[in-house]
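Remarks on the structure that follows.
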Amino acid sequence: EFRRVLFRSKYKIVGNVVNPENVILPRINVERSTVEIAGVTLTEGADISTGAKVFMHDCRTAHISTYVNSTCYAENIKVLAGSDVFARADYFSVLELYAVDIPTSVSFSGSFAAATAGARVEFDDQPTGTATGKRYKVTGNGFIETYGGGASFLPGSVAGTTATGGQYV
């Protein structure tokens, strides 16, 4: 299990992009860095975080999150368990996601994606699979980019919401 391992730099974590189920990533915490992640499987208790302080979510809050001016690029992600939120960006951070797969239906009690306080979550292609719960929640001038994918682009059984300047495009 990774704890506070990486600090202020650029990192690339490459698992197995052909068979991401062969690489189980339990937890990684990164401070003030840029992280590129490819070919990994997230299981219950998994977390990938970047930010200005250390996170230990154990999937009660988010599978992938960015915080305070951090950036995370993640691709070939298999989501095998639910949590409060799958992807969350806070405080002027950026989270870019590619090739997200949900092989069996999972539940998100908050929303599949969330952005707040000027942060941005980008989905460069449509996630595959199904989920229950709210599709997205965007507040405080946060931004979720689906490149015109529409209201049902993200998985979920409940419509998404925007408030206080949040945008979903």
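Both backbone and side-chain heavy atoms feed into the values below; hydrogens, waters and symmetry mates do not. In this text the structure is predicted, and so the values were computed from the model without any measurement.
- Ring geometry for Phe86 against Phe112 counts as parallel: the plane angle stays under 30°, on a 0 to 90° scale with 60° as the upper cut.
- Taking the six-membered ring where the residue is Trp, Tyr136 and Tyr168 present parallel rings, their angle staying beneath 30° rather than reaching 60°.
- For Thr128, the side-chain contact (heavy atoms from CB on, under 4.5 Å) partners at least two apart in sequence or on another chain are Asp101.
- Listed here is the closest heavy atom pair of Val121 and Ala115: CG2-CB, 4.1 Å.
- Atom OH of Tyr98 has more than 12 heavy atoms from other residues, nucleotides or ligands within 6.0 Å.
- Counting only heavy atoms from C-beta outward, the side chains of Arg135 and Ser111 never approach each other to under 4.5 Å.
- Across every non-hydrogen atom of Asp124 and Glu96, the tightest pair is OD2-OE1, 4.2 Å.
- From Asp125, atom CG reaches atom OG1 of Thr146 across 11.5 Å, with rounding to the nearest 0.5 Å.
- Arg88 CZ to Ser93 OG: the interatomic distance, rounded to the nearest 0.5 Å, is 9.5 Å.
- Considering NZ of Lys134 and OG1 of Thr161, their distance stands at 3.5 Å, rounded to 0.5 Å.
- At least one donor-acceptor pair under 3.5 Å links the side chain of Ser157 to the backbone N or O of Gly133.
- Contact annotation: the side chain of Leu154 approaches that of Phe123 to within less than 4.5 Å [non-hydrogen atoms, C-beta and beyond].
- Using a 3.5 Å distance cut-off with no hydrogens or angles, the side chains of Thr139 and Thr116 do pair a donor with an acceptor.
- Closest heavy-atom contact between Pro155 and Ile102: CG-CD1, 3.7 Å.
- Other cluster members for Val169: Phe143, joined by side-chain heavy-atom distances under 4.5 Å among Ile, Leu, Val, Met, Phe, Trp and Tyr.
- When all heavy atoms are compared, the tightest approach of Ala114 to Ile144 is N-CD1, 4.2 Å.
- Of all non-hydrogen atoms in Arg120 and Ala89, the two that sit nearest each other are O-CB, 3.7 Å.
- Remark: Gln126 CD to Tyr147 OH distance equals 15.0 Å, nearest 0.5 Å.
- At least one side-chain heavy atom of Pro127 sits less than 4.5 Å from a side-chain heavy atom of Phe153.
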